[in-house]
Amino acid sequence: MAEKQDGLAFQWNHISATGQVRSESKDGGTPMDSVERRITRRSFLDYLLGASLLGLAGIVLYPLTRYLIPPKVTEVTGGSVIAAKVGELAPNSGKIFPFGGKPALLINTPDGQLRAFTAVCTHLACTVQYRPDLAHIWCACHDGHYDLRGQVISGPPPRPLEEYHVTVKGDNIVVSRKA
Amino acid sequence: MEEARRGFVSWTEERLRLRAIREFLTHKTVPVHRYSFVYYFGGITLFLFIVQVITGILLLLYYRPSADAAYESVQFIMSKVRFGWLIRSIHSWSANLMVGWVFVHMFSTFFYRAYRQPRELTWVSGALMFFLTLAFAFTGYLLPWNKLAFFATKVGTEIAGDVPLVGKYILLLLRGGEDITEATLSRFFGIHVAILPALATAILGIHLALVQVHGMSRPISVRAEREIPFYPDFLLRDLAVWILVLALLATLATLYPWPLGEKADPLAPAPPGIRPEWYFLFMFQTLKLLPSRVLLLEGEEIGILAFLLGGLVLLLVPFLDVWAHREQANRWVTAVGVLAVVYLVVMTVLGLALPAT
């Protein structure tokens, strides 16, 4: 490409304008002199053009790729939510409620204790449910079983469910993240 | 290495017939003369269309076409999505520049009689794309579901409803009901992102293929100094111009991000100073100036019939200008073109300058 251009080859530092890259050195010159390369005006402009186009591609593609990555939807964190009214939940039952944009599970154990967990299964993120017949938490997707403390009893889940803090404030059952 | 390369070339050649495509591309030449700059106008329009397709697809990732969510989703794009303001502003700016360039491209091909034999159908396909461009603009304008767009669409579809005989049905078809509702938004969305792109792709394909087959038209009585091959010589120049247009778009979008306005409220009264986008102003202004009754018809109906007739004339220009086929530039044809330009400009300026009532 760079051969036989308009003959306007010019010297570039110690690189003399005599032809292609050569590995053998002429009469014992410095290693620098041994690399001889011809840079014509044409090939120099080709480099400039290529670099500009590369820059242009970067300028266009950078905002595009950033645009494709969805922004984080601000999660309601650190707050507390009213999960249910007192008396809404009979013993041995459960209720799914939204907590920070994700489902959470409030259960009333058979002996009348209120507990709350994330309802997102630790296996593949299905939503778990309370099974009154088994009296524990169950995930339908891959038959994962958790006990009333959120610990895994059987099935594929690798970790226990995260437990939340439950308090009763007047008429409301308030759930918050454990500190 | 060399053998592998040759093997790859012959493998692809045998299957893709790239040589035929390359021959088709090299077949076309571009004449060089003092009006050669007009040959870039179509390319610029094409580039703006490509920008519309790309930014439009990107906007689809976040846009939600419902009355509850449309405005909020555009707000989300403008404020939360990284570079969302840039993508949406480029889409809006490019839309406006594209409408403008379609006019410029159309009038330049008109005044240089590029539609004369054998390029009649190139003109017809171009005229159809002019209508499609306006339809794109009209339907896309409503999608952010803001106040101005809501009332512009209300008025615009009302005008379509004044078309004699079939107007009522057109109105129902466009609005998806009697009023502008979420059903209208749904329809406009479907028309804007599915129906019009499908039509535009087909007609644009024909248009570009015809341009490639016939080559660039040389204005009557202009002698070409020389001809350069379209591929790669002219194509590279085209690309250089496209980079300039891209730079212009980026500058406009950055310095003047497109505003979103207030959310549409179907029960709120129309805001004062309401007027359509600049490219519809000439119609808007014409309808405003017409008396309420002309002979037996309503003024509106007369105006709409005139515009429909104008559209038909535009479509049939190559068949009406019989002189051009004899390589004669008839001065009356030129006069009609000049008159049309003057009319468009004067009406648009009046629409902008006169206080909207």
Side-chain angles (χ1 to χ4, degrees), chain A residues 1-8 19-24 35-79 81 96-103 125 127, chain B residues 2 5 47-64 68-69 72-94 232-233 235-255 257-258:
Chain A
M1 174 122 186
E3 285 174 291
K4 285 188 186 163
Q5 289 302 330
D6 41 9
L8 286 164
Q20 301 292 306
V21 178
R22 286 206 192 128
S23 52
E24 82 269 43
V35 181
E36 292 173 7
R37 182 184 291 160
R38 187 187 176 94
I39 295 181
T40 58
R41 182 178 291 182
R42 174 65 174 265
S43 65
F44 178 66
L45 287 175
D46 276 347
Y47 286 130
L48 274 189
L49 186 66
S52 316
L53 289 179
L54 211 65
L56 179 70
I59 289 168
V60 172
L61 290 178
Y62 177 72
L64 281 194
T65 42
R66 291 302 296 264
Y67 177 87
L68 292 176
I69 303 165
K72 277 209 176 72
V73 180
T74 43
E75 210 178 303
V76 192
T77 46
V81 297
I96 302 277
F97 64 96
F99 186 63
K102 291 204 169 79
T127 302
Chain B
E2 177 59 25
R5 195 191 68 85
F47 175 68
L48 292 169
F49 178 74
I50 294 170
V51 169
Q52 288 309 87
V53 173
I54 294 171
T55 51
I57 289 171
L58 288 171
L59 290 174
L60 269 179
L61 299 181
Y62 295 106
Y63 177 74
R64 284 177 291 162
D68 292 337
E72 284 77 4
S73 68
V74 178
Q75 209 169 35
F76 180 76
I77 291 171
M78 294 293 281
S79 58
K80 293 281 182 344
V81 181
R82 272 155 299 189
F83 292 106
W85 59 272
L86 182 67
I87 302 292
R88 191 217 162 209
S89 295
I90 286 189
H91 194 73
S92 304
W93 270 112
S94 179
D233 299 45
L235 189 66
L236 283 174
R237 293 174 195 208
D238 250 345
L239 291 177
V241 174
W242 290 13
I243 289 175
L244 289 180
V245 177
L246 183 65
L248 174 70
L249 275 177
T251 309
L252 286 171
T254 309
L255 296 182
W258 207 263

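Every chain is numbered from 1, with letters handed out A, B, ... down the list of sequences.
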Open item on the list: Please classify the contact between L58(B) and chain A as side chain, backbone, both or neither, with a heavy-atom cut-off of under 4.5 Å.
Closed with: both
Open item on the list: Using the side-chain contact (heavy atoms from CB on, under 4.5 Å) definition, which of the options T65(A), I69(A), L68(A) pairs with R82(B)?
Closed with: I69(A)
Task: Donor-acceptor under 3.5 Å (Y67(A) side chain, L86(B) main chain) - done: no
- [ ] Count the heavy-atom pairs under 4.5 Å between each of I77(B), I87(B), L61(B) and chain A, then report the option with the highest count.
- [x] I87(B)
Open item on the list: On a heavy-atom basis, which atom in P70(A) and which in Y62(B) lie closest, and how many Å separate them?
Closed with: CA-OH, 3.2 Å
Task: Side chain / backbone / both / neither for L53(A) at chain B, heavy atoms under 4.5 Å - done: side chain
- [ ] Under 4.5 Å heavy-atom distance to chain A, tell me which part of I90(B) shows up: side chain, backbone, both or neither.
- [x] neither
